[in-house]
Engineer: 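Sharing a structure, written as structure tokens. Questions coming.
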Number of protein chains: 2
Amino acid sequence: MLIITLYMRMFPAMRVKIVGLDPHQQYYIAMDIVPVDNKRYRYVYHSSKWMVAGNADSPVPPRVYIHPDSLASGDTWMRQVVSFDKLKLTNNELEDQGHIILHSMHKYQPRVHVIRKDFSSELSPTKPVPTGEGVKTFSFPETVFTTVTAYQNQQITRLKIDRNPFAKGFRDSGRNRTGLEAIMETYAFWRPPVRTLTFEDFTNMQKQQGILFLKQRDHMISYTTQDA
Amino acid sequence: MLIITLYMRMFPAMRVKIVGLDPHQQYYIAMDIVPVDNKRYRYVYHSSKWMVAGNADSPVPPRVYIHPDSLASGDTWMRQVVSFDKLKLTNNELEDQGHIILHSMHKYQPRVHVIRKDFSSELSPTKPVPTGEGVKTFSFPETVFTTVTAYQNQQITRLKIDRNPFAKGFRDSGRNRTGLEAIMETYAFWRPPVRTLTFEDFTNMQKQQGILFLKQRDHMISYTTQDA
DNA sequence: GGTTTAGCACCTAGGTGCAAAGGT
DNA sequence: ACCTTTGCACCTAGGTGCTAAACC
């Protein structure tokens, strides 16, 4: 019996813990991202809600992100938390660097696939994941997200800046600080190590709608949603 | 029949072109580095030669660098130049980050192994490469090198600085230059793109003895030799 | 005395939000 | 009016030789 337990950190990446594999069997692990519905959305600021704003753009053929540790044994996969933090996204339909192509302002659901090696002669970034015996697919409703090219909500921005090491330059104590202030920060105050955004962070902000940031720069910055 | 053609760039990395594989068969490609003799060397500056300076330190169990594109089909391997530029070295015998451990001031020979998948149940970074049917090993006498922790020869230093993008700060036009000079360099003079050091570079410097730089920082910086 | 290390400034490479400009 | 792109300053992460100090 195969079980995936969601080790829920949606920022910056989806991470899963996998149990129940055959230790000696070889597996690929892959992710794809599928539309939730055929609607386009817009964010209504005063009500802090995503509203339907017409029909979806015509979908692009879905791409598959094959986890870079593939191919590995069940034993190896189960020994670690499998993180998808290298997955990159784009809204550029001409992209051919292996990024996953999505439309902005749409809702999507990431899926995790566990694929037994002896079944996967056709696994490819540009082909749909095979189905049937030897392939298990998992999706978690709490990971549905909405894509954007600019943050719609300042709470999201603040969480991102606080949690992502690369955004350190925008932290309150990092912006417009003097040399002395930088020294003070280092020695006088203790700051906990940077950690990634967790499911609970979102719960604590009143089930804020999750969004996903999507520029042509193509960096992966994903958030959980709490639509339920 | 399996043939490896050495695509000779020993700086910063050994690169090989492989032909003659079965396109549909799966292969690992790996490198290890073995002692050439049981001597320790020192560089005699006035004669520009490496001289024997006693017996070798006791050898450490050799480690294997498995090329990160492994496992791949013969077709995939033959389609590209296989580069070992991510291989890292150290003189720290306690290292456990998968680096290859060498002694300084010793002579070594890198070897390339092509290993058919159905033969390699025991391939591991810490175990010797298996031998026999399904495993082919190649070594090239011109790639023998001597390890050092500091450059013994200024010609080597200069080549390194000129060719390695990361040493750009030490180039003549990059050191102590003013803002104006930096602009001049960009607009007024044309500099060819940085390229890696080739076999021919060494030939042109009167068969300078190759050395290999080996700090605990563990970066790969290898040079060809021209002892022949 | 020769060899090795540690700290440094200077690079490459690339991930951030911001603000202004561009698109539709 | 709203969405997207571009150029930017500011980060992380890590690869360089140099120098002075430390190690034998």
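Just so we're clear, the structure is a prediction, and the values are computed from it rather than from any experiment. Below, read A as the first sequence line, B as the second, and so on, with proteins coming before strands; counting in each chain starts at 1.
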Engineer: Go through dG17(C), dG15(D), dT12(D) for me and flag the one nearest to the Pro165(A) side chain.
Structural biologist: dT12(D)
Engineer: Between atom CG in Leu102(B) and atom C1' in dT4(C), what is the gap in whole Å?
Structural biologist: 16 Å
Engineer: Would you say Asn92(B) places a side-chain N or O within less than 4.0 Å of OP1 or OP2 belonging to dT4(C)?
Structural biologist: no
Engineer: Between atom CD in Gln152(A) and atom C1' in dT4(D), what is the gap in whole Å?
Structural biologist: 11 Å
Engineer: From the set dC18(C), dG17(D), dG14(D), return the single nucleotide nearest to any side-chain atom of Ile161(A).
Structural biologist: dC18(C)
Engineer: Does a nitrogen or oxygen in the side chain of Lys168(B) sit under 4.0 Å from OP1 or OP2 of dG17(D)?
Structural biologist: no
Engineer: When the distance from CZ of Arg171(A) to C1' of dG17(C) is rounded to whole Å, what number comes out?
Structural biologist: 12 Å
Engineer: In whole angstroms, how far is the C1' atom of dT12(C) from the CZ atom of Phe170(B)?
Structural biologist: 13 Å
Engineer: Check whether any side-chain N or O of Thr149(B) sits under 4.0 Å from OP1 or OP2 of dT5(C), and answer yes or no.
Structural biologist: no
Engineer: Can you find a heavy atom in the side chain of Val129(A) that is under 4.5 Å from one in the side chain of Asp32(A)?
Structural biologist: yes
Engineer: Could you pick out which residue, Ala167(B) or Arg42(B), lies toward the 5' side of DNA chain C when each is mapped onto its nearest nucleotide?
Structural biologist: Arg42(B)
Engineer: Does dT4(C) have its OP1 or OP2 closer than 4.0 Å to a side-chain nitrogen or oxygen of Ser104(B)?
Structural biologist: yes
Engineer: In whole angstrom, what separates Tyr45(B)'s OH from dG2(C)'s C1'?
Structural biologist: 15 Å
Engineer: Under the side chain to side chain contact (heavy atoms under 4.5 Å, CB included) test, which residues partner Val36(B), sequence neighbours left out?
Structural biologist: Lys107(B), Gln109(B), Val144(B)
Engineer: Separation of Asn164(B) atom CG from dG14(D) atom P, in whole Å?
Structural biologist: 17 Å
Engineer: Any chance the rings of Tyr43(B) and Trp50(B) have centres within less than 6.0 Å?
Structural biologist: yes
Engineer: Within this structure, what is the NE2-to-P distance between His99(A) and dG15(C), rounded to whole angstrom?
Structural biologist: 8 Å
Engineer: Mapping Tyr41(B) and Phe166(B) to their closest nucleotides on DNA chain C, which lands nearer the 5' end?
Structural biologist: Tyr41(B)
Engineer: Is Arg40(A) paired with Asp57(A) through a side-chain N to carboxylate O contact shorter than 4.0 Å?
Structural biologist: yes
Engineer: Using 30° and 60° as the class limits, which term best fits the ring planes of His67(B) and Phe84(B): parallel, tilted or perpendicular?
Structural biologist: perpendicular
Engineer: CG of Asn91(B) versus P of dA6(C): gap in Å, rounded?
Structural biologist: 10 Å
